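What follows is a single structure, written as structure tokens, with notes after it.
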Amino acid sequence: MKVVSECPNPVELNELIEDELSAADTDRVTEHLQDCTTCQEKLQTIASGDLPIDQIVHGLNEQNPGCESALWPAIEQLSHEISAQPTIGLAGGSNVTGESVVSEEVVRTPPPELDFLEPSDDPAYVGKLHHFQIARVIGRGGMGVVLEAFDTHLHRNVAIKVLSPQYQSNDLARQRFCREGRAAAAISHEHVVPMYQVAKANEGEVAFLVMQLIEGETLEQRLRGGQPLPPNEVARIAMQTAAGLSAAHSREMAHRDIKPANIMIEAETQRVKLTDFGLARTTDDVKLTKTGMVTGTPLYMSPEQSLGEDADERSDLFSLGAVMYEMATGFAPFQAPSALGVMQRIVNFTPEPPHKVNPAISRPLSDLIMSLLEKAPADRPESAAEVATALAAIVSEYGPISPLQVPSIAASEVKKLSGSYRRGERRWAIAAWLTAAIAIMVAVASFVILRPDVGDDFPSVVLPDNPGTVWASDFSPDGKTLAAAVEDGSIRIWDVASQTLEKSFNAHRGLAWTVAYHPSRPMLMTSGDDSTIKLWDTDEYEVIWEWKAESSVRGVAFSPDGNRIVAGDRDGVLYIYDIDSGAEVASATTPGSILSVDYSNDGKLIASVGSDKVLRLFDAETLVERRTMNGHDGAIYNVKFAPQGPLIATVGWNKNVRVWNSENGKEVLNLTGSEGDVWSVSFCSDASHLITGEQMGAARVWDLASGKPVTTLRGHSSAVYNVALDRTAHRIATSSRDGTIRVWDMSSVAN
Amino acid sequence: MTESPLTRATLLLRLRDPGDSDAWGDFLRDYGPMIYRFVRSRGLQDADAADVVQDVLRSVGNAIDRFDYAKEKGGFRAWLFTITRNKLATYFEKRKRTSPTANDTTQFELLKQATGGKNELDERWELEHQRLVAAKAMEILKPTIEPNTWKAFELTAIDGLAAEEAGASLGMSKGAVYVARSRVTAKLRDEVTRILAEEDVVGELR
């Protein structure tokens with residue numbers, strides 16, 4: 001319940017701007033500004049005075065010439081021309097020829113330990129690496145140094161990990177380092193620090209990793225006082241760590257170096273983020289262990305690591321157990337004066353159970369920790385997902401659980417648990433918890449979160465940093481690449497398996513609305529706000545045909561035989577073109593704007609929807625209208641025919657998801673349960689399920705037999721504008737206003 | 001500091017010496033992007049815009065030693081505007097010849113209009129000049145302002161994010177974002193006003 005305070009007067013607002021208010025008044029007025037739009041505007045008006053500051057600075061960055069602009073070489077050339085001197089520095093060269101000018105030397109030289117940095121021209125930074133301005137050193141580890149930096153291209157702060165110079169020349173270390181980058185970049189999970197890129201600078205001599213900068217502390221810092229953490233914190237931090245681990249494990253990747261220093265706690269949210277997959281490696285890659293090199297931090301090593309044996313996911317669980325033990329008791333379980341001593345204890349010694357050391361620790365939590373510390377991998381819990389689930393039950397005992405704290409765990413992982421508990425006699429503890437955990441999860445689902453999708457799949461792949469809203473995406477027929485249509489008019493081609501951007505090219509002036517692969521030929525169709533429809537070859541990405549509509553084109557589709565396309569524009573005009581001759585075959589005008597079109601699976605009908613709330617079917621040869629279907633109470637955003645059978649689905653404004661029979665024009669289903677407007681729809685390949693993309697950022701899978709949602713895919717922070725299906729591999733791509741595309745593996749839901 | 005040690009007054013005077021690489025370096029760095037933004041606002045693509053900017057600046061280089069600050073009405077900025085308009089007109093003329101389908105009539109008519117009036121072209125030129133000054137002012141201000149406060153301003157005022165979004169990414173409340181934005185705005189206003197006043201002094205000098 002918010003109490004709206006009285007509006008501050010202009011004098012107060014001015015004093016707030018000048019920082020002349022008392023702290024208490026500042027807080028009060030700031031609080032008021034939180035929700036009072038009138039005062040928000042008034043404040044800015046006072047601050048701007050008689051200059052249109054807002055108008056001046058708005059969009060300044062994006063309207064300035066980019067670093068790839070042709071302006072820079074043009075100016076460079078010009079400066080050579082103008083100057084009588086052969087060389088000239090654009091930002092003020094050192095060869096001053098004018099009269100006594102005091103030219104301050106502004107370049108700062110980086111400190112010696114960071115001698116791989118180039119000098120920065122900005123005094124706020126200690127140096128420069130590639131296009132990153134380096135602000136400070138935030139950490140040092142065995143493998144290298146961690147820096148806080150500013151990415152001058154994307155304008156955001158990042159953390160950069162640079163391999164120590166003494167390792168840069170070492171092949172083994174370099175290999176391991178690059179593996180870290182590749183491994184971590186493949187994981188996308190709320191409890192794993194996102195890796196942005198692996199890069200090299202100084203002619204390839206300096207390798208570095210760029211990742212998200214987490215504002216907060218490490219668990220190591222939090223444990224520094226040697227005091228145990230509150231039991232609910234132990235369980236919560238462990239739960240989120242286990243969830244992050246399960247993300248890595250589901251990709252058959254072990255972390256191999258779980259320790260408090262690698263567990264970050266975000267200051268703002270207290271959320272745990274697992275970092276430094278420094279020793280992580282895919283389990284089928286055994287090169288490193290063949291060398292006999294022992295890796296890992298001794299205090300949290302598993303017995304098998306101590307013995308130099310291969311370490312797998314269960315080894316991570318042991319390390320997690322050791323970390324939990326320290327959180328619960330305030331000290332590490334296998335402390336000894338020397339590294340060798342520690343390793344010996346890890347192999348032979350069983351520490352006292354945490355509940356005996358610290359009575360505040362509950363028996364179930366203590367038992368779980370001890371089961372993780374089992375010497376034999378086979379005696380430990382089965383998986384990180386199982387541990388996370390068990391911990392969710394424990395966390396909930398300490399009070400109501402916030403939906404934000406419930407981590408995503410792969411549904412497939414959780415299902416796997418049920419049959420696998422009774423291998424050892426010691427399974428009793430977990431077996432009992434599983435029942436409790438499921439009960440809790442159900443309770444959480446129905447009473448706390450009020451949405452039936454706890455534990456849904458998290459995305460297997462995130463394709464980030466597209467320059468703006470991704471309006472559409474489409475899988476190539478072989479499922480290997482994904483094409484995306486972006487707000488800035490570009491088309492981006494992603495390699496899905498490696499998550500790398502293969503190609504990006506400007507296709508349209510203004511927005512690119514749609515993109516679609518040809519069903520069989522190596523071609524790609526795009527349409528945009530510039531009223532054009534373009535057909536590209538996918539080898540060179542050159543335009544084969546360009547068709548001009550009357551206005552912005554938001555609906556396009558290939559005919560099933562791939563010989564024709566249909567397009568619809570904002571003025572309501574439908575066009576059919578022949579892709580061999582380029583000729584217009586037919587056109588017709590409909591009332592309202594067209595937002596989506598589709599061909600029926602037999603190629604005989606064309607459906608069109610848009611702002612007039614009506615689903616219209618046309619003869620695909622003549623564009624004579626065959627049928628109209630009414631029912632939507634607002635604009636229809638998307639239409640799709642089923643890949644087989646007579647069904648046709650439409651979605652649109654105000655949560656509408658409807659399925660129709662194209663043969664008799666009857667409404668078959670009106671699916672309810674969406675959150676907000678629905679932007680996109682697609683049938684799965686056997687027409688048994690429907691996938692929709694929603695305004696609030698979710699994608700939903702519906703079972704058409706029951707008419708109920710079966711899975712909700714959450715992850716996007718903003719509207720999902722398009723859902724695309726990979727018919728080769730049960731994958732869904734969702735593209736969003738948040739600039740990302742997510743690819744979800746649905747094999748666990750399929751069948 | 002990245003602020004140029006050359007005041008704007010001496011900068012323009014020193015441009016008469018083509019060998020003064022400092023002055024020319026500063027001039028190209030500041031006015032290049034400004035003219036570029038203006039030219040892009042006329043609908044030119046990057047490569048074409050870069051060509052036009054190069055032409056404009058080359059003309060300045062060739063003619064500056066003949067430019068008489070005492071006689072030229074409106075001073076340097078007005079002179080630069082005239083050159084830019086002429087080069088743009090040349091560009092559109094050429095484009096009309098080579099691709100007659102391009103519909104540039106509106107732009108063309110606008111360019112032919114006498115200056116001094118308050119048409120869209122003049123207003124845009126004025127805005128881009130203010131932006132040049134604002135960019136300078138921001139360079140000066142940024143190091144003096146607490147980074148999160150600056151960031152809140154940058155995200156909302158420059159990048160156009162909603163206060164809520166900016167606050168979420170910075171860990172600030174919405175209200176605090178508005179306060180930060182207004183404080184930087186006020187400082188920026190003062191700094192821009194100061195620089196503009198300084199420029200007017202240059203005007204007095206002519």
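Order of the sequence lines sets the chain letters (A, B, ...), proteins ahead of strands, with each chain counted from 1. Please read all numbers here as calculations on a predicted model, not as lab measurements.
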Inset, instruction - Sort out for me which of A:Ala267, A:Gly59, A:Pro73, A:Pro65 touches chain B most, counting heavy-atom pairs under 4.5 Å. - result: A:Pro65
Legend entry - Presence of salt bridge, A:Glu31 and A:Arg28, under 4.0 angstrom: no
Legend entry - Proximity breakdown for A:Thr45 and chain B, heavy-atom pairs closer than 4.5 Å: neither
Legend entry - Under 4.5 Å from any heavy atom of chain A - which part of B:Ala157: both
Inset, instruction - Heavy-atom pairs under 4.5 Å with chain B are the metric here; pick the option from A:Leu33, A:Leu60, A:Ile46, A:Thr26 that has the most. - result: A:Leu60
Throw together a table of side-chain donor-acceptor distances under 3.5 angstrom for residues 47-58 of chain A, partners on residues two or more places apart or in other chains.
{"unit_1": "A:Ser48", "atom_1": "OG", "unit_2": "A:Gln44", "atom_2": "O", "d": "2.8"}
{"unit_1": "A:Asp54", "atom_1": "OD1", "unit_2": "A:Gln44", "atom_2": "NE2", "d": "2.9"}
{"unit_1": "A:Asp54", "atom_1": "OD1", "unit_2": "B:Arg181", "atom_2": "NH2", "d": "3.4"}
{"unit_1": "A:Asp54", "atom_1": "OD2", "unit_2": "B:Arg181", "atom_2": "NH2", "d": "3.2"}

Legend entry - Segment of B:Phe153 engaging chain A (4.5 angstrom heavy-atom cut-off): side chain
Legend entry - Proximity breakdown for B:Ser169 and chain A, heavy-atom pairs closer than 4.5 Å: neither
Return all side-chain donor-acceptor pairs below 3.5 angstrom for residues 13-22 of chain A, not counting sequence neighbours, or 'none' if the list is empty.
{"unit_1": "A:Asp19", "atom_1": "OD1", "unit_2": "B:Arg183", "atom_2": "NH2", "d": "3.4"}
{"unit_1": "A:Ser22", "atom_1": "OG", "unit_2": "A:Asp25", "atom_2": "N", "d": "3.1"}
{"unit_1": "A:Ser22", "atom_1": "OG", "unit_2": "A:Asp25", "atom_2": "OD2", "d": "3.4"}

Inset, instruction - Check the side chains of A:Thr269 and A:Glu266 for a donor-acceptor pair under 3.5 angstrom, ignoring hydrogens and angles. - result: yes
Legend entry - Interchain contact, B:Glu164 with chain A, by part (heavy-atom threshold 4.5 Å): neither
Inset, instruction - Establish, from distance only, whether the side-chain atoms of A:Gln63 and B:Arg131 form a donor-acceptor pair under 3.5 Å. - result: yes
Legend entry - Distance-only side-chain donor-acceptor flag, B:Asp46 / B:Tyr36, under 3.5 Å: yes
